[in-house]
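So the structure is just underneath, and the comments pick up after that.
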Amino acid sequence: QIYLPRTYYASAVYYATSRLAIAVLSMKTWWEAYDAVFEENIADSWLVYGMWVFLPIANLILNAAQYTAISSLFGIARKVSRRSAAGLGK
């Protein structure tokens, strides 16, 4: 038998962990692209420079939206846990 609230919490933790990992990898890749963008001038274009500057801002905006999803998932898990403890989830 699977204890349902733990499954909801595990899902929320997995989602939060995966989003954090994606954000960290995104920023690491962004920073490592500095040489290619500014030193080596692989694509000498204002569009490339603009995208390089905009990426951290876009990452921050997307992570703020992900934070609301994560808080909702933990809220759902909390509600399921309360209903299960009260015997209403059967």
Within a 6.0 Å radius of atom OH on Y14, are there more than 12 heavy atoms belonging to other residues, nucleotides or ligands?
no
Indicate every side-chain donor-acceptor pair of residues 61-75 with a distance under 3.5 Å to a residue at least two apart or in another chain.
from: N63; atom 1: ND2; to: N59; atom 2: O; distance (Å): 3.1
from: N63; atom 1: ND2; to: N59; atom 2: OD1; distance (Å): 3.0
from: Q66; atom 1: OE1; to: Y15; atom 2: OH; distance (Å): 2.5
from: T68; atom 1: OG1; to: A65; atom 2: O; distance (Å): 2.6
from: S71; atom 1: OG; to: Y67; atom 2: O; distance (Å): 3.3
from: S71; atom 1: OG; to: T68; atom 2: O; distance (Å): 2.9
from: S72; atom 1: OG; to: T68; atom 2: O; distance (Å): 3.0

Plane angle bin for W31 and Y34 - parallel if under 30°, tilted between 30 and 60°, otherwise perpendicular:
parallel
Shortest non-hydrogen pair, Y9 vs S81, comes out as CE1-CB, 4.2 Å
Check for me, please, whether L55 and V53 land in the same ILVMFWY cluster - side-chain distances under 4.5 Å, paths through other members count.
yes
Approximate separation, where rounding is to 0.5 Å, of M51 CE and W46 CH2
10.5 Å
What heavy-atom pair brings V37 and Y49 nearest, and what distance separates the two atoms?
O-CE2, 3.4 Å
Distance (rounded to the nearest 0.5 Å) between T17 OG1 and R19 CZ
10.5 Å
